[in-house]
Amino acid sequence: MKKILLFMMVILLTACQTKHRGYVFPEDLDSKLTGIKTTQQLQDVIGDPQTKTIYGDEVWIYYGADETRRGPFPVAYDNRTVLLAWVKGNQIVKTQVLHDEDLKSVTMAKGETDIPAAIELNALEELFNNIGRFSPAGLGQ
């Protein structure tokens, strides 16, 4: 019985994994950001942004989190950090650091969202609608 219990404990302990996703921010991130005034300085300290906004003000976005897996249980994310840097030309206008407690919890809604003016086809209509749309394989058309 002790061997079985020991075996189960070993299995459960080896099933626990923590991986870092995204950026690994320095411990003193706030103090490092105080002296940064240009985009080149930000890239030297943190690196290139994961994404940049395309509408409105240009904002560089950096994200980092720890992903923890514990056997059959759902994946948990903790130590989440988001760095937002508002950029104008080559100058940093403003920076903001968000941690776990600052981030909102977002859940997915159940069901489907109707698409306006969508055409609903049944299986036969889908089949006959696709006839003649595709060229035979190998013709390169």
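We're numbering straight along the sequence, starting at 1. Remember, predicted model here, so these are calculated numbers, not experimental data. Worth knowing before you read on, the calculation uses all heavy atoms, side chains too, and leaves out hydrogens, waters and symmetry mates.
Within the model, atoms CD1 of I36 and CD1 of I46 stand 6.0 Å from one another, a figure rounded to the nearest 0.5 Å. Between E58 atom CD and K88 atom NZ the span is 11.5 Å, to the nearest 0.5 Å. Between K37 atom NZ and I92 atom CD1 the span is 10.0 Å, to the nearest 0.5 Å. In this structure, CD in Q50 is found 9.0 Å from OH in Y62, a value given to the nearest 0.5 Å.
Annotation for E67 and R21: closest pair OE1-NH2, 3.0 Å, computed over non-hydrogen atoms. Heavy-atom minimum distance, V82 versus I61: CG1-CG2, 4.4 Å. The nearest pair of heavy atoms linking G64 to F25 is N-CE1, 3.7 Å. T81 approaches H99 most closely through the heavy-atom pair OG1-ND1, 3.7 Å.
Remark: the backbone N or O of T51 is not paired with any side-chain donor or acceptor of Y63 at under 3.5 angstrom. Within the 3.5 Å criterion, the main-chain N or O of T38 finds a donor-acceptor partner in the side chain of Q41.
The cluster map of Ile, Leu, Val, Met, Phe, Trp and Tyr, joined by side-chain heavy atoms under 4.5 Å apart, puts V24 and L29 in different clusters.
Under the side chain to side chain contact (heavy atoms under 4.5 Å, CB included) rule, N129 has a single partner from I119, L124, L121, which is L121. Between L84 and the choices T53, L98, V97, the side chain to side chain contact (heavy atoms under 4.5 Å, CB included) rule is met once, by L98.
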Legend entry - Check against side chain to side chain contact (heavy atoms under 4.5 Å, CB included), L33 and L83: CA-CA 10 Å; L33 289 176; L83 167 61; 3.6 Å; yes

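For CD of E120, the number of neighbouring non-hydrogen atoms (other residues, nucleotides, ligands) closer than 6.0 Å is 12 at most.
Listed by first then second residue, pairs satisfying salt bridge (Lys or Arg N to Asp or Glu O under 4.0 Å) with a partner in residues 23-33 number zero, not counting sequence neighbours.
Using a 4.5 Å heavy-atom cutoff, the side chains of T95 and L42 are not in contact.
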